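Keep in mind that what you see is a predicted model, and the values were worked out from it rather than measured. Indexing begins at 1, ligand by ligand and atom by atom, following the structure's order.
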Amino acid sequence: MTIYFYKVWQPYGCFSNFSPHHIEIQGQYWLTVEHYYQAQKFVGSVDAVIIPMIRACETPEEAAAMGRCSSRKLRPDWDLVKTTVMREAVLKKFLTHADIRETLLSTGNEVLVENSHCDYFWGCGADKTGQNHLGKILMSVREEIRKQQFLTAISSECLENRG
Ligand SMILES: Nc1nc(O)c(N)c(N[C@@H]2O[C@H](COP(=O)(O)O)[C@@H](O)[C@H]2O)n1
């Protein structure tokens, strides 16, 4: 069964980048993944001055509005790096917060889809033909966390057996 998510207050809302789960990357605190993601659009750009403003936004909606402002100049490599940037932030979120990590793991091998009607890149779009990159990232993060947990369990068992 496919699991659809989108708004924070809907089922599986913790999978949204707008969910109220902070992350810390390179010693900097970000209120949500969305704050971090929107700010990264301007790293090294002539409009980098906006980064601290995005970081200071009180809500992810404000951060998204600021990051989507079409008069600002995005970093030139943004299209090349944006999925890597997003994966790093989403992985950090689920490594930081144990409760939502359990929610993610509880989805087993189900397909996860961001049910955004307007976003055909991160979500599935109105007609479900979108690329669903956020759902794909969540599934790959789920797999990575599972592997990490397996390796940790194996190595502690080995240590116990060595006495
Ligand atoms: N408008 C909106 N509301 C939400 O609640 C959402 N979860 C999203 N989707 C997210 O928007 C981000 C993409 O932003 P850009 O179009 O690249 O500026 C990404 O985090 C989606 O997951 N949108």
Side-chain angles (χ1 to χ4, degrees), residues 1-26 28-97 99-101 103-107 110-145:
M1 191 193 64
T2 301
I3 293 174
Y4 290 96
F5 64 91
Y6 189 45
K7 291 294 178 190
V8 170
W9 56 88
Q10 293 170 342
Y12 295 99
C14 64
F15 296 166
S16 163
N17 293 327
F18 287 50
S19 80
H21 295 95
H22 76 272
I23 53 171
E24 253 181 78
I25 294 186
Q26 289 174 352
Q28 278 201 318
Y29 182 98
W30 300 87
L31 212 47
T32 68
V33 166
E34 192 66 16
H35 283 74
Y36 178 78
Y37 164 79
Q38 294 293 343
Q40 296 316 295
K41 291 180 176 179
F42 303 98
V43 171
S45 118
V46 289
D47 277 324
V49 66
I50 200 179
I51 294 172
M53 295 183 222
I54 294 176
R55 199 156 80 90
C57 283
E58 285 184 9
T59 68
E61 287 80 7
E62 282 172 38
M66 217 177 252
R68 288 171 183 159
C69 172
S70 56
S71 59
R72 305 267 183 188
K73 199 139 184 62
L74 299 186
R75 59 197 277 183
D77 63 348
W78 180 238
D79 275 340
L80 293 176
V81 300
K82 64 183 178 185
T83 49
T84 307
V85 165
M86 184 70 95
R87 191 181 187 283
E88 182 191 20
V90 172
L91 176 62
K92 193 73 199 215
K93 171 177 157 180
F94 286 93
L95 289 176
T96 305
H97 302 278
D99 54 343
I100 59 170
R101 183 163 65 241
T103 304
L104 181 61
L105 293 173
S106 77
T107 62
E110 303 295 356
V111 174
L112 307 178
V113 177
E114 189 189 43
N115 197 11
S116 166
H117 283 204
C118 53
D119 194 334
Y120 284 77
F121 183 81
W122 294 113
C124 65
D127 62 4
K128 306 268 192 282
T129 63
Q131 297 176 67
N132 186 36
H133 282 288
L134 182 59
K136 287 176 183 161
I137 285 174
L138 283 159
M139 291 184 273
S140 103
V141 162
R142 181 177 70 189
E143 190 56 31
E144 180 168 340
I145 292 174

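When each atom of ligand 1 is checked for a heavy atom of Y37 under 4.0 Å away, the hits are 13 (C), 14 (O), 15 (P), 17 (O). Close approach of ligand 1 to M86 is summarised as follows: ligand atoms under 4.0 Å from at least one heavy atom of the residue are 19 (C), 20 (O). Residue contact check: S16 has heavy atoms under 4.0 Å from atoms 7 (N) of ligand 1. Atom numbering of ligand 1 starts at 1 in the shown order; those under 4.0 Å from a heavy atom of K7 are 3 (N), 4 (C), 5 (O). The ligand atoms of ligand 1 that sit less than 4.0 angstrom from a heavy atom of N17 are 19 (C), 20 (O), 22 (O). Remark: ligand 1 atoms within the under-4.0 Å shell around heavy atoms of L134 are 22 (O).
On a distance-only criterion, K41 and ligand 1 share at least one N/O pair closer than 3.5 Å.
Considering only non-hydrogen protein atoms, atom 2 (C) of ligand 1 sits nearest to Y6 OH, 3.3 Å. Scanning all protein heavy atoms for the shortest distance to atom 13 (C) of ligand 1 gives W122 CD1, 3.5 Å. Shortest contact from atom 22 (O) of ligand 1 to any protein heavy atom: E114 OE2, 2.8 Å. Taking atom 11 (O) of ligand 1 as the reference point, the nearest protein heavy-atom neighbour is R68 NH2, 2.8 Å.
When heavy-atom distances to ligand 1 are checked against a 4.0 Å cut-off, F121 has no atom that comes that close, whether in backbone or side chain.
Side-chain atoms of T107 do not come within 3.5 Å of backbone N or O of E110 as any donor-acceptor pair. S45 places a side-chain N or O within donor-acceptor distance of the main-chain N or O of K73, the cut-off being under 3.5 Å. In this structure, R55 contributes its side chain and A63 its backbone to no donor-acceptor pair below 3.5 Å.
At least one side-chain heavy atom of T83 sits under 4.5 Å from a side-chain heavy atom of W122. Side chains of K128 and N115 form a contact here, defined as non-hydrogen atoms less than 4.5 Å apart. Inter-residue side-chain proximity for V113 and F5 is flagged as unmet; no heavy-atom pair is nearer than 4.5 Å.
The two residues W30 and Q40 make their nearest non-hydrogen contact at CZ2-NE2, 4.1 Å.
Here atom 12 (C) of ligand 1 lies nearest to E34 when heavy atoms of E34, Q10, E61 are compared.
Only one option out of E88, K93, K92, H22 pairs with Y36 in a side-chain hydrogen bond (donor to acceptor under 3.5 Å, both in side chains); it is E88.
In this model, a donor atom of one side chain and an acceptor atom of the other lie less than 3.5 Å apart for T129 and D127.
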